[in-house]
Amino acid sequence: MTTQVPAILKDSADAPFRQGLVERRDLRPDDVRIDIAYAGICHSDIHTVREEWGPCIFPIVTGHEIAGVVSEIGSEVTKFKVGDHVGVGCLVDSCGECDYCVKGSENFCEKGAVGTYNSKNYDGEIAQGGYSQQIIVTERFVLRIPDAISLEVAAPLLCAGITLYTPLKRWGAGPGKKVAIVGMGGLGHMGVKIAAAMGADVTVISQTMSKEEDGRAFGAVDYRATEDGSVFKELRNSFDLIVCTVSADLPLDKYLGMVKPFGALVLVGLPEKPQNFQVFSLIMGDKVLTGSNIGGIPITQEMLDFCAEHDIAATVETISADEVDAAYDRVVASKVRYRFVIDTSTITPE
């Protein structure tokens, strides 16, 4: 029979969060039941529930940075056992049969991958996310969290970590490469840590110098601010790779000017408005302007293992269930260092 589970819900874009119950499905043979310990707050959660990216399915339980412990497994599950530390990211299902799924890029499933929330499962069930004390996910979309990473700091890796790991790996961040991370927030701070662990020479480009001490502690060898505009001239043709994590309107031509010939500017932030740039900025250096979208299950597991090997974790502020509304406002105001994580044990249904 279905299970009623304590959760943090939102009933409309303008309504405050409330603590109540969400229904979880019966355990299927290939399902894993997870007792959630921590759920990270991603800026995507905020865009979604405030309907800044389009209509939302209410009531909604957001959260796709999930870390917890296996409490029950279906009869056909082979990869996990009760007591394992596991995580769930942005996806909870895909067809498993198309070329993208077979190659481990489930996020590009031809049938349409099922998001962790604000999405419909193939049977029509509305997917509800991780601001909850429990979730049931098909085995293929459960990730193993290495013992070296505590659940509290592991949760944000399931979105923020993979969002940065994927482009850094694809575009060759490593020894001998100069990499810039634009923005030092929830995504950016992970980019600095991962790029430095890969062996790259890392520079942070931020609006101000207010987080310089943190940036250097995370592994950056240089830290620059855009507030006076001189950085674009000083760093012209400096970087093999720039990863931009901010979701604001930016002068892309100026950022492309800092990319070396044959280098790449990768966008992982999602501005609400169309962005403009001159094709001239690409052609005059054989440069690449591209985007990057999380990652499939194999590379996400690879990222978790890499982080464990290199002692990388998110830098978090842990909050209780009644602090989520205030936390959302602080994220929008860039007043968090660097990822909020909800202690789900504090959820008390009304």
Side-chain angles (χ1 to χ4, degrees), residues 37-47 62-67 87 89-90 130-131 145 149-168 173 179-198 200 202-226 242-248 267-270 292 294 303-304 306-308 310-320 323-343:
Y38 298 97
I41 292 178
C42 176
H43 210 138
S44 298
D45 303 345
I46 301 172
H47 287 304
T62 52
H64 57 208
E65 297 181 337
I66 301 167
C90 302
Y131 295 6
I145 295 177
I149 311 175
S150 69
L151 295 178
E152 185 175 9
V153 297
L157 300 181
L158 277 302
C159 178
I162 188 57
T163 297
L164 273 296
Y165 185 86
T166 297
L168 288 169
V179 174
I181 303 295
V182 180
M184 254 282 287
L187 294 177
H189 91 288
M190 290 305 311
V192 175
K193 292 181 180 185
I194 292 170
M198 289 177 168
V202 184
T203 295
V204 175
I205 299 176
S206 186
Q207 288 182 297
T208 70
M209 299 298 290
S210 63
K211 298 177 182 177
E212 180 181 12
E213 184 177 352
D214 285 351
R216 292 184 182 275
F218 295 155
V221 298
D222 197 6
Y223 197 108
R224 301 295 187 94
T226 60
I242 299 178
V243 181
C244 179
T245 69
V246 300
S247 296
L267 308 179
V268 298
L270 285 166
S292 184
I294 54 170
M303 175 275 303
L304 289 168
F306 177 90
C307 288
H310 294 275
D311 195 25
I312 296 172
T315 299
V316 305
E317 290 186 37
T318 303
I319 62 171
S320 60
E323 298 178 282
V324 176
D325 282 303
Y328 271 33
D329 291 336
R330 284 181 57 191
V331 171
V332 173
S334 299
K335 293 182 178 179
V336 52
R337 294 195 178 184
Y338 282 89
R339 205 66 155 183
F340 282 120
V341 173
I342 304 165
D343 178 353

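Just so we're clear, the structure is a prediction, and the values are computed from it rather than from any experiment.
For Asp311, the salt bridge (charged side-chain N to carboxylate O under 4.0 Å, His left out) test picks out no residue, with sequence neighbours left out. Every residue meeting the salt bridge (charged side-chain N to carboxylate O under 4.0 Å, His left out) condition with Arg216, not counting sequence neighbours, appears here in chain and number order: Glu212, Asp222. A search for side chain to side chain donor-acceptor pair (under 3.5 Å) contacts involving Lys193 returns Thr315, not counting sequence neighbours. Taking Ser210 as the reference, Thr208 meet the side chain to side chain donor-acceptor pair (under 3.5 Å) condition, with sequence neighbours excluded. Under the side-chain contact (heavy atoms from CB on, under 4.5 Å) criterion, Thr62 pairs with Phe17, Asp45, Val49, Ile60, Tyr117, Tyr131, Tyr328, sequence neighbours left out. When the side chain to side chain donor-acceptor pair (under 3.5 Å) test is applied to Tyr223, no partner is found at least two apart in sequence or on another chain.
Rounded to the nearest 0.5 angstrom, Ser44 OG and Leu187 CG are separated by 7.5 Å. The CD1 atom of Ile162 sits 8.5 Å away from the OG atom of Ser292 when rounded to the nearest 0.5 Å. Remark: Leu157 CG to Thr163 OG1 distance equals 11.0 Å, nearest 0.5 Å. The distance from atom NE2 of His47 to atom OG of Ser247, rounded to the nearest 0.5 Å, is 4.5 Å. Atoms SG and NE2, from Cys159 and His43 in turn, are 12.0 Å apart once rounded to the nearest 0.5 Å.
Residues Asp343 and Tyr38 have side chains in contact (heavy-atom distance under 4.5 Å, counting atoms from C-beta outward). Taking the side chain as every heavy atom from C-beta outward, Val243 and Val268 approach each other to under 4.5 Å.
The nearest pair of heavy atoms linking Val246 to Gly183 is CG1-CA, 3.8 Å. Minimum heavy-atom separation, Leu168 to Met198: CB-SD, 3.8 Å. Across all their heavy atoms, Gly161 and Ile194 have their closest contact at O-CD1, 3.7 Å. What you find for Val179 and Ala200 is that their closest heavy atoms are CG2-CB, 3.7 Å. The two residues Val202 and Ala195 have their closest heavy-atom pair at CG2-CB, 3.7 Å. A pairwise comparison of heavy atoms in Val341 and Pro156 identifies CG2-CG, 3.8 Å as the closest pair.
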Test side-chain contact (heavy atoms from CB on, under 4.5 Å) on Val336 and Ile41; report intermediate values, then the result.
CA-CA 11 Å; Val336 52; Ile41 292 178; over 6 Å; no

side-chain contact (heavy atoms from CB on, under 4.5 Å) between Tyr165 and Met190: does it pass, once the steps are laid out?
CA-CA 8 Å; Tyr165 185 86; Met190 290 305 311; over 6 Å; no

Kindly indicate, with the supporting measurements, whether the criterion side-chain contact (heavy atoms from CB on, under 4.5 Å) is fulfilled by Arg337 and His189.
CA-CA 9 Å; Arg337 294 195 178 184; His189 91 288; over 6 Å; no

Criterion side-chain contact (heavy atoms from CB on, under 4.5 Å) on Thr245 and Met184, from CA distance to verdict:
CA-CA 8 Å; Thr245 69; Met184 254 282 287; over 6 Å; no

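In this pair, His310 and Phe306 present their aromatic rings tilted. The plane angle is within the 30 to 60° band.
More than 12 non-hydrogen atoms from other residues, nucleotides or ligands lie less than 6.0 angstrom from CD of Glu323.
Between the side chain of Thr166 and the backbone N or O of Ile294 there is at least one donor-acceptor pair closer than 3.5 Å.
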